[in-house]
Structures are given as structure tokens and as C-alpha cells.
Amino acid sequence: MMHLTRIIGFFVVLTCFSLNAQEIAILKYNGGGDWYANPTALPNLIRFCNETINTKIKEKPNTAELGDSSIFQYPFLYMTGHGNVIFSEEEVENLRTYLLAGGFLHIDDNYGMEPYLRKELIKVFPEKELEELGADHPVFSQEFNFPEGLPKIHEHDGKRPQALGISHENRLVLLFTFESDLGDGWEDATVHNDPQEVREKALKMGANIISYVFKN
């Protein structure tokens with residue numbers, strides 16, 4: 001049954017990506033974490049991408065629930081928050097099928113998500129581990145060059161920013177950005193009062209992620 005589910009999911013993903021390749025969604029998850037954090041972030045990133053790298057993404061991102069088949073409508077899912085994350089067995093199976101079939105999940109730790117997330121990702125990929133991406137990974141040179149890798153946007157604990165990933169058949173299927181907080185940099189300028197150059201770094205890195213997903 002699992003094998004059949006993946007095959008069906010694969011064809012659903014291919015069909016939906018070809019018809020609706022430039023719609024993206026915020027991932028709603030359970031556990032109590034604020035999946036709805038940074039409400040202006042993704043709309044601002046979409047606007048930036050449409051203006052600078054010639055995408056034609058629907059300006060208002062949709063919301064997709066992890067256990068629902070609607071996630072297969074989107075080539076790109078964005079997940080963020082500060083707190084707890086819990087994946088049910090059904091959600092684990094759905095997310096794994098989605099990612100192996102061609103989907104992509106960007107998880108952007110908004111501070112505090114990391115310890116909860118790691119234990120849930122083990123359920124999704126028990127045979128794989130999050131691995132740090134080197135600065136030479138293509139995601140850092142798609143449209144804009146980041147020769148030192150993931151930029152630091154917000155300080156939090158003062159730790160270095162890390163881009164951690166899970167790949168399948170030489171394709172990055174999951175990106176976890178940690179101690180960077182790109183989403184805060186994508187938010188309206190008045191939310192965090194970040195300098196323009198900081199917001200621009202965050203938006204350019206976000207555009208690189210979108211570009212990588214649409215090309216791979």
C-alpha cells in the first residue's frame with residue numbers, strides 16, 4: 001500500500017507542478033508551534049522574486065495542512081515558527097511521499113523550533129540525517145552569490161547560521177535554515193526595523209531557494 005501511495009503521489013505531483021508550478025504554500029502543522037508566524041514574510045519574498053528573477057508566483061500564498069493531499073499542488077512548501085512540532089503517522093507518510101515524489105520543503109527556524117523539529121524529521125527519514133550544506137552548494141549561487149553560504153539575518157543566540165539539508169537522488173528535497181531567520185528579514189521593514197542591506201540579503205537568499213526549487 002505504501003508503494004502504491006508513493007506512485008500515485010508521484011503522478012499527482014507531476015501533473016500539479018506542470019499546471020500550477022508557480023503557486024506556493026505555508027505549511028500548517030500540529031504541536032502548538034506558531035506556524036502562522038511572520039505573516040508578511042512570504043508575500044514579500046514572492047513580490048521580490050516576481051520583480052527580480054522573473055517568476056510569476058501567485059502573490060498570496062496558500063495554506064496547506066501537512067496531512068492533506070493538497071500539499072501535492074505545490075512545488076514549494078514553507079514552514080516556520082518558534083515552538084513545538086508534532087507529526088502524526090499519516091502526516092509523516094504524506095510528507096515523505098511528497099518529498100520523494102518531487103516536492104520541496106523549506107523549514108525556517110524562527111527561533112526555538114530546532115529541538116522539536118529534529119525528532120520529527122527522524123520519523124520522516126529514519127535512514128537519512130540532516131547534513132550541513134557547503135558554501136559551494138548550488139542553492140547559494142542560483143541568482144545571487146553567497147560565497148560564504150547562508151547569511152546571518154538575526155542574532156538570537158549569536159551562533160553561526162547553518163543551512164542543513166536532506167537530499168534524494170542528488171536533489172535537495174528539504175532545507176532547514178537555522179540561526180539565520182530569513183523570514184524575519186523578509187517581513188515588512190517596520191516589523192523588525194532591519195537595515196535595508198539586511199533585508200536585501202534575506203530576500204536574495206530566499207530568491208535563490210525559490211529559483212533552485214523551480215529549476216530542480
Side-chain angles (χ1 to χ4, degrees), residues 1-21 23-39 41-42 61-133 139 162-179 181-183 209-210 212-213 216:
M1 180 62 71
M2 177 73 77
H3 181 64
L4 179 59
T5 300
R6 289 178 185 168
I7 292 174
I8 292 171
F10 177 75
F11 285 110
V12 170
V13 168
L14 285 183
T15 301
C16 291
F17 282 16
S18 62
L19 294 176
N20 204 19
E23 278 193 306
I24 61 180
I26 298 167
L27 189 63
K28 181 180 179 180
Y29 56 89
N30 295 311
D34 52 342
W35 61 268
Y36 45 82
N38 293 358
L42 206 52
N62 292 326
T63 299
E65 297 197 26
L66 186 54
D68 195 89
S69 61
S70 66
I71 66 172
F72 291 97
Q73 298 176 22
Y74 309 104
F76 177 94
L77 295 174
Y78 176 70
M79 177 178 175
T80 193
H82 296 82
N84 197 21
V85 178
I86 295 176
F87 295 161
S88 69
E89 289 185 12
E90 180 184 1
E91 290 169 339
V92 164
E93 180 180 340
N94 208 40
L95 179 57
R96 181 181 174 91
T97 301
Y98 165 80
L99 295 173
L100 295 182
F104 186 94
L105 174 61
H106 174 206
I107 307 168
D108 188 35
D109 191 334
N110 204 2
Y111 192 55
M113 174 189 278
E114 184 259 349
Y116 308 103
L117 177 73
R118 282 185 180 272
K119 63 182 178 61
E120 297 307 298
L121 289 182
I122 291 172
K123 299 178 186 177
V124 182
F125 289 111
E127 77 285 10
K128 296 178 182 287
E129 294 184 2
L130 283 168
E131 296 183 351
E132 186 164 5
L133 306 184
V139 77
Q162 289 183 276
L164 305 167
I166 291 176
S167 297
H168 175 66
E169 296 181 347
N170 297 317
R171 181 181 70 90
L172 185 67
V173 300
L174 184 148
L175 174 66
F176 176 43
T177 47
F178 176 56
E179 284 290 334
D181 211 339
L182 293 173
I209 298 168
I210 293 288
Y212 176 87
V213 173
N216 294 274

For [X] and [Y], which heavy atoms make the closest approach, and how far apart are they?
X: Ala64; Y: Tyr74; result: CB-CE1, 4.1 Å
X: Gly83; Y: Asp34; result: N-OD1, 4.0 Å
X: Pro61; Y: Leu42; result: CB-CD2, 3.8 Å
X: Pro75; Y: Val213; result: O-CG1, 3.5 Å

Any [X] side-chain heavy atom under 4.5 Å of [Y] side chain:
X: Gln73; Y: Asn62; answer: no
X: Leu99; Y: His168; answer: no
X: Leu77; Y: Ile24; answer: no
X: Ile210; Y: Phe104; answer: no
X: Ile166; Y: Leu130; answer: yes
X: Leu66; Y: Leu27; answer: yes
X: Asn216; Y: Leu172; answer: no
X: Leu95; Y: Glu120; answer: no

Nearest 0.5 Å, what's the [atom1]-[atom2] distance between [X] and [Y]?
X: Phe76; Y: Ile26; atom1: CZ; atom2: CD1; answer: 10.0 Å
X: Phe178; Y: Glu132; atom1: CZ; atom2: CD; answer: 11.0 Å
X: Leu182; Y: Asp109; atom1: CG; atom2: CG; answer: 11.0 Å
X: Asn94; Y: Glu65; atom1: CG; atom2: CD; answer: 11.0 Å
X: Asp181; Y: Asn110; atom1: CG; atom2: CG; answer: 4.5 Å
X: Glu129; Y: Arg118; atom1: CD; atom2: CZ; answer: 9.0 Å

Working note: His106 + Tyr78, criterion ring-ring contact (aromatic ring centres under 6.0 Å, His included); need CA distance, chi angles, decisive distance, verdict. CA-CA 5 Å; His106 174 206; Tyr78 176 70; 5.4 Å; yes
Taking Asn84 for the side chain and Gly32 for the main chain, is one N or O donor matched with an acceptor at less than 3.5 Å?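 Side chain of Asn84 to backbone of Gly32: no pair is present.
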For Tyr111, does its backbone N or O pair with a side-chain atom of His82 as donor and acceptor, under 3.5 Å? no
Restricting to side-chain contact (heavy atoms from CB on, under 4.5 Å), what partner residues turn up for Val139, sequence neighbours left out?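 Here the qualifying residues are Leu133, His137, Met205, Ile209, Tyr212.
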Tell me, please, which residues at least two apart from Ser88 pass side-chain contact (heavy atoms from CB on, under 4.5 Å).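 In terms of side-chain contact (heavy atoms from CB on, under 4.5 Å), with neighbours along the sequence ignored, Ser88 is linked to Glu90, Glu91.
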Between Arg96 and Glu93 (salt bridge meaning N to carboxylate O under 4.0 Å), is one present in this structure? no
Take the angle between the ring planes of Phe72 and Tyr98 and call it parallel below 30°, perpendicular above 60°, tilted in between.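 Correct class here is perpendicular.
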Take Leu174 and Ile107 through the side-chain contact (heavy atoms from CB on, under 4.5 Å) test and state the conclusion after the steps. CA-CA 8 Å; Leu174 184 148; Ile107 307 168; 4.0 Å; yes
Does Lys28 NZ have over 12 foreign heavy atoms under 6.0 Å away? no
Using only heavy-atom distances, determine whether the side chains of Asp108 and Thr80 contain a donor-acceptor pair under 3.5 Å.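 Result is no, nothing qualifies.
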